[in-house]
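Structure first, commentary second.
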Protein chains: 2
Amino acid sequence: MDNSAAIATDRLLRGDCIAEMAKLPDACVDMIFADPPYNLQLGGDLFRPEGSRVDAVDNDWDKFDTLGSYDRFTKAWLREARRILKPNGTIWVIGSYHNIFRVGTALQDEGFWILNDIIWRKSNPMPNFKGTRFTNAHETLIWASQGEDARYTFNYKAMKTLNDELQMRSDWVLPICAGPERLKRNGTKAHPTQKPEALLYRVLLACTKPGDVVLDPFFGTGTTGAVAKRLGRRWIGIEREEDYIEVALERIEAALPLDESALTIMQTARQQPKVAFGTLVETGYLDPGTVLTDTKRRWQAVVRADGSLSVGTDTGSIHKLGATLQGAPSCNGWTFWHHEAGGKLQPIDTLRQTYLLANEP
Amino acid sequence: MDNSAAIATDRLLRGDCIAEMAKLPDACVDMIFADPPYNLQLGGDLFRPEGSRVDAVDNDWDKFDTLGSYDRFTKAWLREARRILKPNGTIWVIGSYHNIFRVGTALQDEGFWILNDIIWRKSNPMPNFKGTRFTNAHETLIWASQGEDARYTFNYKAMKTLNDELQMRSDWVLPICAGPERLKRNGTKAHPTQKPEALLYRVLLACTKPGDVVLDPFFGTGTTGAVAKRLGRRWIGIEREEDYIEVALERIEAALPLDESALTIMQTARQQPKVAFGTLVETGYLDPGTVLTDTKRRWQAVVRADGSLSVGTDTGSIHKLGATLQGAPSCNGWTFWHHEAGGKLQPIDTLRQTYLLANEP
DNA sequence: TGAGCACGTGAATCCCTCC
DNA sequence: CGGAGGGATTCACGTGCTC
């Protein structure tokens, strides 16, 4: 079953995504990428430590009365999505902990078969300003087929090449959308939640073929359309906010097919493996209670459970405490502190090397 | 409400977790860590390319007929968990894409308030042997409180220290459980999904205090108990498989508790004794009439006898006045205001530190 | 011209005690 | 329980200006 010849592509449909999808024939698109409202349920204003106000998502389109009404909305658009998706097509949905569990459950309930959950690890997330939780540094994408036996597209080799000849993993490190890529209108961001093109690039490259039809029911400023055009895929966007539509059409008009040099920019920056001192404590390379000392054995510091050191009443990280004790502005704790090993003093940096050897590919 | 004194801890309850939890009083544990069955839906055996069989999860306890029965099971144990958890306690649940969306939805439906979803990024995952999907290189944990207004424990400063002075993020890079840590019975793995101690270490260090009671309803080989014992937390495990119980008890018996000195962790400023600015004036650390200024010397404020400041006709506390002058919603006067000392500007916070050193036990 | 610093900002469920 | 008030709290980048 393939009705993609029956529909017009590379165009934007104005209106509500459920109503617009309802007008399309069964089994007419190869992939659906959806970035639905997250239903963030934010409270009052939030201020950064220096006093500025965080420009939060407070749009009406993100507001739902109850979890139940969000679920009904999710089921309704997923049902239409499932109908217009070809039997061997796949769907991608992105979300955060606010909504992704509802979405994943609805996907399974509607009969989709989850192939992977993918973690977009943000290299530059917004911090947690009040120190109340872990920094929310990722978003989750779900990739699903129509059913267990569907023969979906997965360009395994392309992904492996993109990842320096290692299998592409389920966690992707990518920066958030900022700088020149971030679309503006009258000097302010055109859309509060614009996704980076690199994210769509990887999704489309992995799971579609050239000429495939990609539909995005929550088109926004058209990242999906722009990347589809650049990768030689056909696209259909659905959006109801006129402000976003204008920006999206202009953007896609200007998008150029990718050449080789542009492709390399999209590739993974292979980041330096960083190891925190605390990781050595957590993983048992160094036990809490161990005594560290400097080469001249002037100070004896006890390693504590959280990776801090204590010498008498002075406490701090390996770097801070080293600096404090020496009266220096800074100190490299990795080379300053030593532990007894094999009858002699060894810098703790050697433990870090050991850890890296054992745990990095 | 706190019934933790009414229960015996550091022990294993043999039996079904729902039945065993039902025997415990309301509000008696500070944290619940749960690693429920994953409902893996594996279609037959999985073989490596060279023909050897992958030892996947295929035990009886991991079979659920339908998503519906899994949901009923999840709701049933979550409901008991919620009842025995103290109002300010938190729950952690770990899972993969097979079950975590059901769990997250059930948590929200039962009234839990999600605080973070955490990604355990495996530094050495099992590759995808068939090359049909992305390498499944992570698992997801959900951290939730009893409700939106609960005052849960989060050792922010300890986590920041553990992560080399940067906020701990929602993505945790930790190796899988292997090597000597992986428990064996008759030469094969004692449990198919044994979690690494480092994972539990971070969870317990972040969200409990020494002496807190941690309950694990799917105890398995007792990773939660072993780490709780090491970190000076009390524990309760529930497990029905005699094979696992034997291994778990032996393992926890061998685990060594850390010294109290090693258990001490970095405290946030909020947890430290408070000093009123007026006290510094009363005790002569700062004389009335002293002129304070901000770093850019935009404002000159005079210290008054009652510990308030005045700039022209504006008066108020060090915090209020700083906020008023900057037009900011709030201001930390301790770091905003400076006084001349030794020829240069010093924040009045240093005076507070001096006072604390001289006057605290 | 280049280095360096100040400043702005991003899908955020973001304080706690006392009266 | 609501309001008031003390005072704790941020990381990675891009841009644009200064020296």
Side-chain angles (χ1 to χ4, degrees), chain A residues 35-59 61-64 67 94-100 120 122-140 175-182 184 187-189 191-196 218 220 271, chain B residues 108 112-117 144-145 147-152 154 156-157 160 163-170 267-272 274-278 295-296 307 316-323 328-337 348-349 352:
Chain A
D35 182 9
Y38 287 10
N39 189 23
L40 287 182
Q41 308 177 64
L42 302 180
D45 281 340
L46 177 65
F47 293 88
R48 297 185 180 82
E50 100 283 337
S52 65
R53 189 180 144 274
V54 174
D55 183 15
V57 178
D58 58 355
N59 309 64
W61 51 252
D62 196 50
K63 290 185 171 48
F64 294 82
L67 288 175
I94 183 167
S96 65
Y97 67 85
H98 309 85
N99 72 321
I100 199 65
W120 168 25
K122 302 180 184 183
S123 53
N124 50 350
M126 188 159 73
N128 181 291
F129 296 115
K130 304 293 186 186
T132 56
R133 302 181 180 189
F134 299 97
T135 304
N136 194 1
H138 73 275
E139 292 187 26
T140 302
I176 59 176
C177 182
E181 190 189 327
R182 188 86 194 203
K184 306 270 168 133
T188 59
K189 52 185 177 191
H191 192 284
T193 71
Q194 186 184 339
K195 296 294 174 288
F218 306 96
Q271 71 263 4
Chain B
Q108 291 179 310
F112 287 101
W113 187 252
I114 298 180
L115 297 166
N116 276 116
D117 58 338
S145 68
E148 188 173 356
D149 298 321
R151 306 240 308 263
Y152 53 88
F154 179 56
Y156 173 75
K157 198 69 186 299
K160 192 169 173 175
N163 194 38
D164 270 1
E165 301 296 327
L166 288 177
Q167 287 190 336
M168 187 67 83
R169 300 166 38 118
S170 57
Q267 302 292 302
T268 60
R270 276 201 187 94
Q271 295 165 296
Q272 281 154 12
K274 232 197 274 190
V275 180
F277 179 67
T295 44
K296 293 177 187 164
S317 70
I318 54 171
H319 314 293
K320 264 277 141 53
L321 190 62
S330 67
C331 166
N332 184 343
W334 290 108
T335 50
F336 179 73
W337 294 108
I348 55 177
D349 194 46
R352 177 169 62 163

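As the structure is a computational prediction, the values presented were derived from the model and not from experiment. Here is the naming used below: chain letters follow the sequence lines, and residue numbers restart at 1 for every chain.
The side chain of A/K189 lies closest to C/dG10 when the candidates are D/dG7, C/dG10, C/dA11. The listed nucleotides are C/dC14, C/dT13, D/dC11; the one nearest the side chain of B/Q108 is C/dT13. Minimum atom distance to the side chain of A/S123 is reached by D/dC13, of the listed D/dC13, D/dT9, C/dT13. Picking from C/dT9, C/dA12, D/dT9 the nucleotide with the shortest atom distance to the side chain of A/R48 gives C/dT9. Out of C/dA12, D/dA8, C/dA11, the shortest distance to the side chain of A/V54 is found at C/dA12. Considering only side-chain atoms of B/H319, the nucleotide from D/dG7, C/dT13, C/dG10 that sits closest is D/dG7. Of the candidate nucleotides C/dA11, C/dG10, D/dA8, C/dA11 has the atom nearest to the side chain of A/K195. For B/Q167, the listed nucleotide lying nearest its side chain is D/dC11; candidates were C/dG10, D/dC11, D/dG7. Considering only side-chain atoms of A/H98, the nucleotide from D/dC13, C/dA11, C/dT13 that sits closest is C/dT13.
Nucleic acid contact class of A/D55 (heavy atoms, under 4.0 Å, all strands): sugar-phosphate only. Residue contacts shown for B/R352 are limited to sugar-phosphate atoms, with no base heavy atom under 4.0 Å away. Residue-level contact check: B/L166 touches the backbone only, with heavy atoms under 4.0 Å from sugar-phosphate atoms and none from bases. Nucleic acid contact class of A/T135 (heavy atoms, under 4.0 Å, all strands): none. At the heavy-atom level, B/N163 lies nowhere under 4.0 Å from the strands shown. Note on A/C177: nothing from the nucleic acid sits closer than 4.0 angstrom, heavy atoms only. Contact annotation for A/G51: no contact, since no heavy-atom pair falls under 4.0 Å across all strands. Among the heavy atoms of the strands, none lies under 4.0 Å from A/P196. At the heavy-atom level, A/S96 lies nowhere under 4.0 Å from the strands shown. Backbone-only contact: A/N136 has heavy atoms under 4.0 Å from sugar-phosphate atoms and none from a base. Using a 4.0 Å heavy-atom distance criterion, B/K160 is classed as a sugar-phosphate-only contact. Using a 4.0 Å heavy-atom distance criterion, A/P180 is classed as a sugar-phosphate-only contact. Within 4.0 Å of B/Y156, counting heavy atoms only, lie sugar-phosphate atoms of the nucleic acid but no base atom. A/A178 comes within contact range of no nucleotide atom at all, as no heavy-atom separation falls under 4.0 Å.
Donor-acceptor pairing under 3.5 Å is lacking for the side chains of B/H319 and B/S317.
Atom P of nucleotide D/dC13 and atom CG of A/N124 are separated by 5 Å, given to the nearest angstrom. Look at CZ on B/R151: it is 20 Å from P on C/dT13, rounded to the nearest Å. Rounding to whole angstrom units, NZ of residue B/K320 and C1' of D/dG6 are separated by 8 Å. If you measure from atom CD of A/E139 to atom P of C/dT13, you get 10 Å, rounded to the nearest angstrom. Rounded to whole Å, atom P of D/dT9 lies 12 Å from atom CG of A/N128. Rounded to whole Å, the distance from CH2 on B/W113 to C1' on C/dA12 is 12 Å. For A/D58 and C/dA11, the CG to P distance is 14 Å, given to the nearest whole Å. A straight line from CG of A/N99 to C1' of C/dT13 spans 12 Å, rounded to a whole angstrom.
With hydrogens and angles ignored, a donor-acceptor pair closer than 3.5 Å exists between the side chain of A/R133 and the base of C/dT13. Between the side chain of B/S330 and the base of D/dA8 there is at least one donor-acceptor pair of N/O atoms closer than 3.5 Å.
Contact record, A/A56 with A/L42: CB-CD1, 3.7 Å, taken as the closest heavy-atom pair. The minimum heavy-atom distance between A/I94 and A/N99, with the atom names listed, is O-ND2, 4.4 Å. The shortest heavy-atom contact between A/P127 and A/T135 is CA-CG2, 4.0 Å. The two residues A/L40 and A/S96 have their closest heavy-atom pair at CD2-OG, 4.2 Å. What you find for A/K130 and A/F47 is that their closest heavy atoms are NZ-O, 3.7 Å. The minimum heavy-atom distance between A/N124 and A/I176, with the atom names listed, is OD1-N, 3.0 Å.
A gap of 15 Å separates the C1' atoms of C/dC16 and D/dC1, to the nearest Å. D/dA4 and C/dT13 have their C1' atoms separated by 25 Å, with the value rounded to a whole Å. Between the C1' atoms of C/dA12 and D/dG5, the separation comes to 25 Å (whole Å). Comparing the P positions of D/dT9 and C/dT17 gives a spacing of 14 Å, expressed to the nearest Å. C/dC14 and D/dG7 have their C1' atoms separated by 15 Å, given to the nearest Å.
In this entry C/dC5 has D/dG16 as its Watson-Crick or G-U wobble partner, both defining distances falling under 3.5 Å. The pairing partner recorded for C/dA12 is none, the criterion being a Watson-Crick or G-U wobble arrangement whose two distances lie under 3.5 angstrom. With a 3.5 Å ceiling on both atom-pair distances, D/dA8 lacks any Watson-Crick or G-U wobble partner.
C/dT13 shows a glycosidic angle within 90° of 0 and is accordingly assigned syn.
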Given side chain to side chain contact (heavy atoms under 4.5 Å, CB included), test B/Y156 with B/Q167 step by step and report yes or no. CA-CA 8 Å; B/Y156 173 75; B/Q167 287 190 336; 3.1 Å; yes
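Below 30°, between 30° and 60°, or above 60°: for B/F277 and B/W334 the angle between ring planes is above 60°, a perpendicular geometry.
Between A/T132 and A/R182, the residue anchored nearer the 5' end of DNA chain C, judged by the nucleotide with its closest heavy atom, is A/R182. Annotation: of the two residues near DNA chain C, A/K122 and A/K130, the 5′-most nearest-nucleotide partner is A/K122.
Applying the 5.5 angstrom centroid cut-off and the 30 degree plane-angle cut-off, the aromatic ring of A/F129 is not stacked upon the base of C/dC14.
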